[in-house]
There are 2 protein chains.
Amino acid sequence: MKNIALVEDCCPPLLETALSAEDAERMAVAFRVVGDPTRLRLLSMIATHPGGEVCACELVEPLGLSQPTISHHLKVLFEAGLLGRERRGTWVFYRVSSGPLEALRSALATTPN
Amino acid sequence: MKNIALVEDCCPPLLETALSAEDAERMAVAFRVVGDPTRLRLLSMIATHPGGEVCACELVEPLGLSQPTISHHLKVLFEAGLLGRERRGTWVFYRVSSGPLEALRSALATTPN
DNA sequence: TCTTTGTATCGACGTTTGTCTATATCGAAC
DNA sequence: GTTCGATATAGACAAACGTCGATACAAAGA
């Protein structure tokens, strides 16, 4: 979970050609990012928020987890490329990056594209 | 990872409406199933195999893991509903179930449907 | 500068997960 | 029934992960 664009270059279509060990590892890392309920809810909350953008401060209380925990999950999502981040004053705003999500999605395609 | 059709009823579109804690948990479990490199390679190998069907015995050696480990992963995939299973004599044949994979995929859709 | 408030990092802890070896179970053939 | 080969389960162990409280850092305002 290091590179910004982790998800971007992870995802040859799974069912089309046999996956190499390296591709499988990359893809697995990407799917593990969305394999956590808190991160899924964060994505969902941010995407459905009016304006498509949410202050991190609004995400702590509704999930009932500590601020460090939410911060950690936001970081994981950001580093995977699934979230964009913008600082405005003291606040940090997040929005969902649809491209990488689509990349992940395409990996699961059951018909050639 | 209990029910056969785990993936079937896991997956409201993530970005359309805010996910409940329960939906998030179900969906996370489903994504964790495909969040392992060995399971991804198994899916890939089975799907790309001529006939779309593979004997479990053919899956052990190419992955370089022990037979119990492969058996374990096949079980996880099967119980998630991602693999179909058929016993023929001593052998067990697996094939990919495209429906559940599509269900998982649809959860990541960035456009309404 | 000092305080305040929002955010990120650190270090620790318990749980989950993937792997192994050993062993049990299953099905077929003798 | 016994044996043999394929598959599944049990139990153990290490590594990875999610969570927390404490603390550091950043930005704005007094």
Side-chain angles (χ1 to χ4, degrees), chain A residues 1-2 4 6 19 21 24-43 45-46 53-80 82-95, chain B residues 1-2 4 6 19 21 24-43 45-46 53-80 82-95:
Chain A
M1 302 191 186
K2 298 273 165 49
I4 297 282
L6 196 164
L19 234 47
E25 183 56 49
R26 265 191 294 275
M27 198 181 290
V29 169
F31 277 121
R32 250 176 290 155
V33 171
V34 291
D36 177 272
T38 301
R39 289 196 284 270
L40 287 174
R41 295 191 76 191
L42 284 169
L43 283 174
M45 289 174 66
I46 295 170
E53 199 178 52
V54 190
C55 171
C57 59
E58 290 189 59
L59 297 167
V60 173
E61 185 266 330
L63 289 177
L65 292 171
S66 72
Q67 178 271 325
T69 297
I70 299 301
S71 181
H72 163 69
H73 286 305
L74 289 170
K75 182 184 184 183
V76 170
L77 288 166
F78 173 72
E79 291 186 336
L82 296 176
L83 287 183
R85 164 154 65 176
E86 189 184 344
R87 174 147 226 153
R88 290 208 281 277
T90 337
W91 299 276
V92 175
F93 292 80
Y94 288 91
R95 63 171 53 248
Chain B
M1 300 190 187
K2 298 270 164 49
I4 296 283
L6 196 163
L19 234 48
E25 182 57 48
R26 265 190 295 274
M27 200 183 289
V29 169
F31 277 122
R32 249 175 291 155
V33 170
V34 290
D36 177 89
T38 301
R39 288 196 285 269
L40 287 174
R41 296 191 76 190
L42 284 170
L43 282 174
M45 289 173 65
I46 295 170
E53 200 179 50
V54 190
C55 172
C57 60
E58 289 189 61
L59 296 167
V60 173
E61 185 266 329
L63 290 177
L65 293 172
S66 72
Q67 177 270 324
T69 297
I70 299 301
S71 182
H72 163 68
H73 286 303
L74 289 170
K75 183 184 184 181
V76 170
L77 288 166
F78 173 72
E79 291 187 336
L82 296 175
L83 287 183
R85 164 153 65 175
E86 190 185 345
R87 175 145 225 154
R88 290 209 280 277
T90 340
W91 299 276
V92 175
F93 292 79
Y94 288 91
R95 61 172 54 246

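Worth saying up front: this structure is predicted, and the values here are computed from it rather than measured. Each chain gets a letter, A, B and so on, in the order its sequence line appears, and its residues count up from 1.
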Participant: Which of these nucleotides, D:dA8, D:dA27, D:dT7, is closest to any side-chain atom of B:Tyr94?
Facilitator: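 Closest nucleotide to the B:Tyr94 side chain: D:dA8.
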Participant: Let me know, please, whether A:Asp36 or B:Val92 comes out on the 5' side of the other along DNA chain D by nearest nucleotide.
Facilitator: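 With A:Asp36 and B:Val92 compared, the 5'-side residue is B:Val92.
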Participant: Between B:Lys75 and D:dT9, does any side-chain N or O lie under 4.0 Å from OP1 or OP2?
Facilitator: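 Result: yes.
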Participant: Nearest to the A:Cys57 side chain among C:dT7, D:dT19, D:dT7, which nucleotide is it?
Facilitator: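 Side chain of A:Cys57 sits closest to C:dT7.
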Participant: To the side chain of B:Arg85, which of D:dG18, D:dA8, C:dC20 is closest?
Facilitator: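 So the side chain of B:Arg85 is nearest to D:dA8.
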Participant: Without decimals, in angstroms, what is the distance between A:Glu86 CD and C:dG6 P?
Facilitator: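 To the nearest whole Å, that distance equals 19 Å.
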Participant: Quickly work out the A:His72 NE2 to D:dT23 P distance and round it to whole Å.
Facilitator: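 After rounding, the reported distance stands at 21 Å.
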Participant: Measure the shortest side-chain to side-chain distance between A:His73 and A:Leu63 over non-hydrogen atoms and say whether it is less than 4.5 angstrom.
Facilitator: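 No. Closest side-chain heavy atoms not under 4.5 Å.
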Participant: Taking OP1 and OP2 of C:dA8, is either one under 4.0 Å from a side-chain nitrogen or oxygen of A:Ser71?
Facilitator: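 For A:Ser71, the contact criterion (side-chain N or O under 4.0 Å from OP1 or OP2 of C:dA8) is met.
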Participant: Here's a test for you: under side chain to side chain contact (heavy atoms under 4.5 Å, CB included), which of A:Leu83, A:Thr38, A:Val33 qualifies with A:Val76?
Facilitator: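 Testing A:Val76 for a side chain to side chain contact (heavy atoms under 4.5 Å, CB included) against A:Leu83, A:Thr38, A:Val33 leaves exactly one candidate, A:Val33.
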Participant: So A:Leu74, base contact, sugar-phosphate only, or nothing? Heavy-atom distance under 4.0 Å.
Facilitator: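 No contact.
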Participant: Just do the side-chain contact (heavy atoms from CB on, under 4.5 Å) check on A:Leu42 and A:Leu82 with the steps written out, would you?
Facilitator: CA-CA 11 Å; A:Leu42 284 169; A:Leu82 296 176; over 6 Å; no
Participant: Measure the CD-CG distance between B:Gln67 and B:Leu74 for me, rounded to the nearest 0.5 Å.
Facilitator: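 It comes to 9.5 Å.
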Participant: Write down the distance between CG (A:Leu77) and P (D:dG18), rounded to a whole number of angstrom.
Facilitator: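 To the nearest whole Å, that distance equals 10 Å.
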Participant: Atom CZ of A:Phe31 to atom P of D:dC17: distance rounded to whole Å?
Facilitator: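 In whole Å, D:dC17 P and A:Phe31 CZ are 16 Å from each other.
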Participant: Between A:Pro68 and A:Trp91, which residue's closest nucleotide on DNA chain C lies nearer the 5′ terminus?
Facilitator: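 That would be A:Trp91.
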Participant: Which is true for A:Phe93 with a 4.0 Å heavy-atom rule: it touches a base, it touches only sugar-phosphate, or it touches nothing?
Facilitator: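 It contacts nothing in the nucleic acid.
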Participant: Expressed as a whole number of angstroms, how long is the span from B:Ile70:CD1 to D:dT9:P?
Facilitator: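 My rounded result for the distance is 15 Å.
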Participant: Does a distance-only test, which skips hydrogens and angles, find a donor-acceptor pair under 3.5 Å between the side chain of B:Gln67 and the base of D:dA6?
Facilitator: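 Between D:dA6 and B:Gln67, which were checked side chain against base, a qualifying N/O pair under 3.5 Å is absent.
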Participant: D:dA6, OP1 or OP2 - any side-chain N/O from B:Arg88 closer than 4.0 Å?
Facilitator: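 No.
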Participant: Does OP1 or OP2 of D:dA8 have a side-chain N or O of B:Arg87 closer than 4.0 Å?
Facilitator: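 Indeed not, no polar side-chain atom of B:Arg87 lies that close.
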Participant: Please evaluate residues A:Leu59 and A:Ile46 with respect to the criterion side-chain contact (heavy atoms from CB on, under 4.5 Å), reporting the C-alpha separation (whole Å), side-chain torsions for both, the decisive distance (0.1 Å), and the verdict.
Facilitator: CA-CA 9 Å; A:Leu59 297 167; A:Ile46 295 170; 4.1 Å; yes
Participant: Send over the distance from B:Leu59 CG to D:dA6 C1', rounded to a whole Å.
Facilitator: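 Checked: the CG to C1' distance equals 13 Å.
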Participant: C:dG18 P sits how many Å from B:Leu40 CG, rounded?
Facilitator: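 Answer to the nearest Å: 11 Å.
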Participant: How many whole angstroms separate atom CG of A:Leu42 from atom P of C:dT7?
Facilitator: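 It works out to 13 Å between those atoms.
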Participant: Measuring from atom CE of A:Met27 to atom CG of B:Asp36, what distance do you get when rounded to the nearest 0.5 angstrom?
Facilitator: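 A:Met27 CE to B:Asp36 CG: 13.0 Å, rounded to 0.5 Å.
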Participant: Looking only at side-chain N and O atoms, does A:Ser66 come under 4.0 Å of OP1 or OP2 in D:dC20?
Facilitator: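 Checking A:Ser66 against D:dC20: at least one side-chain N or O falls below 4.0 Å of OP1 or OP2.
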Participant: With respect to the phosphate group of C:dT17, does any side-chain polar atom (N or O) of B:Arg32 fall under 4.0 Å of OP1 or OP2?
Facilitator: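 Yes, within the criterion.
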Participant: Under 4.0 Å from OP1 or OP2 of C:dT19: is there any side-chain N or O of B:His73 that close?
Facilitator: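 Answer is yes, contact under 4.0 Å.
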Participant: Just to confirm, is there a sub-4.0 Å distance from OP1 or OP2 of D:dG18 to any side-chain nitrogen or oxygen of A:Thr69?
Facilitator: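 Result: no.
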